[in-house]
Amino acid sequence: MDMTSDTARFTVSDPALGALSEALLGIWQPEAAAVTFASGGAPPAEGATWTVDLPEDPLAARALVAGRAQGALHAASALRGLEAQVRAAGALPGDSAVFFSGGGPLGWLQQVFTEEARQLDERGGWEEARRQFAAIVESATRGIRFYAAVETAQGGALIARSRVGWGGDTLTAVRAGARQEQLLLHGQSLLLARRSRAVVVQTVLVTVQTAAALATGNPLAIVPAIWRALNTLAARAAAPREGMREGKALPSTTNLSG
């Protein structure tokens, strides 16, 4: 990122994500083999690297990362609500019109799923969509099994880098001279990455559950469109709320507990 830039960059570098062409949760731009800040090295082969590069203005930086951490929480909540409706409707006949008739999150999913399936039909994109879902499954599996790296920078200058296990065990290296408010930013980046990693896994699970509840034949046939629909809905839920959009500062410190 340019040293004078006032915008942020959120990327996830994972060998599995080379087939993915869209942002995770509308936040993280996938990079298949990006070079990381740490010693100019490549990301660990067994895990992902989540990189947050923030503007130098401290209030704007705090607002940006806080807004996205809150957005990831909203996405997780939306998926939990959808999963509950899927389970409740699972005993219904497999006809999609019946399944979706309850409205609420399932009604929203119907609209997005129908549009995604239509677009995939029109451009012959089902095979590509299957490759993308397979990449997400591989990335989610790796995220559970291995450490991930989380990096925070301001204006392109590294603040800290942590290795984070699924159980929360963390090892952090900090740049000499880093200020307290910068370390707090890294703590927010860690929270954002953990929440995002959990939502990616959650999206895969809800995709499979929904496909199994919907399909009368082979549920794998509709998995790509369902995943794309769920990713779209999660991105909508994760979109920054008013006052937390890029370049806007919060009037006070945001509580990021949970």
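Along the sequence shown, residues are numbered consecutively beginning with 1. Excluded from the calculations below are hydrogen atoms, water molecules and symmetry mates; all remaining heavy atoms, backbone and side chain alike, are included.
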If Ile, Leu, Val, Met, Phe, Trp and Tyr residues are connected whenever their side-chain heavy atoms lie under 4.5 Å apart, and connections chain through other members, are [X] and [Y] in the same group?
X: Val52; Y: Ile159; result: no
X: Leu79; Y: Val137; result: yes
X: Leu230; Y: Trp126; result: no

Would you be so kind as to tabulate the donor-acceptor pairs closer than 3.5 Å made by side chains of residues 200-208, with sequence neighbours excluded?
| residue | atom | partner | partner atom | Å |
| --- | --- | --- | --- | --- |
| Gln202 | NE2 | Ala76 | O | 3.1 |
| Thr203 | OG1 | Val199 | O | 2.7 |
| Thr207 | OG1 | Thr203 | O | 2.7 |

Once rounded to the nearest 0.5 Å, what's the spacing between atom [atom1] of [X] and atom [atom2] of [Y]?
X: Leu120; Y: Glu115; atom1: CG; atom2: CD; result: 10.0 Å
X: Arg197; Y: Asp14; atom1: CZ; atom2: CG; result: 11.0 Å
X: Ser196; Y: Leu73; atom1: OG; atom2: CG; result: 10.5 Å
X: Arg228; Y: Leu233; atom1: CZ; atom2: CG; result: 12.5 Å
X: Glu128; Y: Arg123; atom1: CD; atom2: CZ; result: 9.0 Å
X: Gln29; Y: Thr11; atom1: CD; atom2: OG1; result: 8.5 Å

Which heavy atom of [X] sits nearest a heavy atom of [Y], and at what distance?
X: Pro224; Y: Arg130; answer: CG-CG, 3.3 Å
X: Asp57; Y: Ala60; answer: OD2-N, 2.8 Å
X: His186; Y: Val150; answer: CE1-O, 3.3 Å
X: Gln188; Y: Ala66; answer: NE2-CB, 3.9 Å
X: Pro58; Y: Gln154; answer: CA-NE2, 4.3 Å
X: Asn231; Y: Ala23; answer: ND2-O, 3.5 Å

Note, [X] side chain near [Y] side chain (heavy atom, < 4.5 Å):
X: Arg175; Y: Gln182; result: yes
X: Thr49; Y: Arg161; result: yes
X: Thr51; Y: Glu31; result: no
X: Ile136; Y: Leu24; result: yes
X: Leu64; Y: Pro55; result: yes
X: Glu181; Y: Arg62; result: no

Residues that Trp28 engages under ring pair (Phe, Tyr, Trp, His ring centres under 6.0 Å), provided they are two or more places apart: Phe10, Trp50
Residue among Thr152, Thr170, Thr172 satisfying side-chain hydrogen bond (donor to acceptor under 3.5 Å, both in side chains) with Ser162: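 With Ser162 as partner, side-chain hydrogen bond (donor to acceptor under 3.5 Å, both in side chains) holds for just one option, Thr172.
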Lys/Arg-Asp/Glu bridge criterion (N-O < 4.0 Å) met for Glu83, Arg80: no
Sidechain-backbone polar pair: Arg195 side chain, Ala69 backbone, donor-acceptor under 3.5 Å: yes
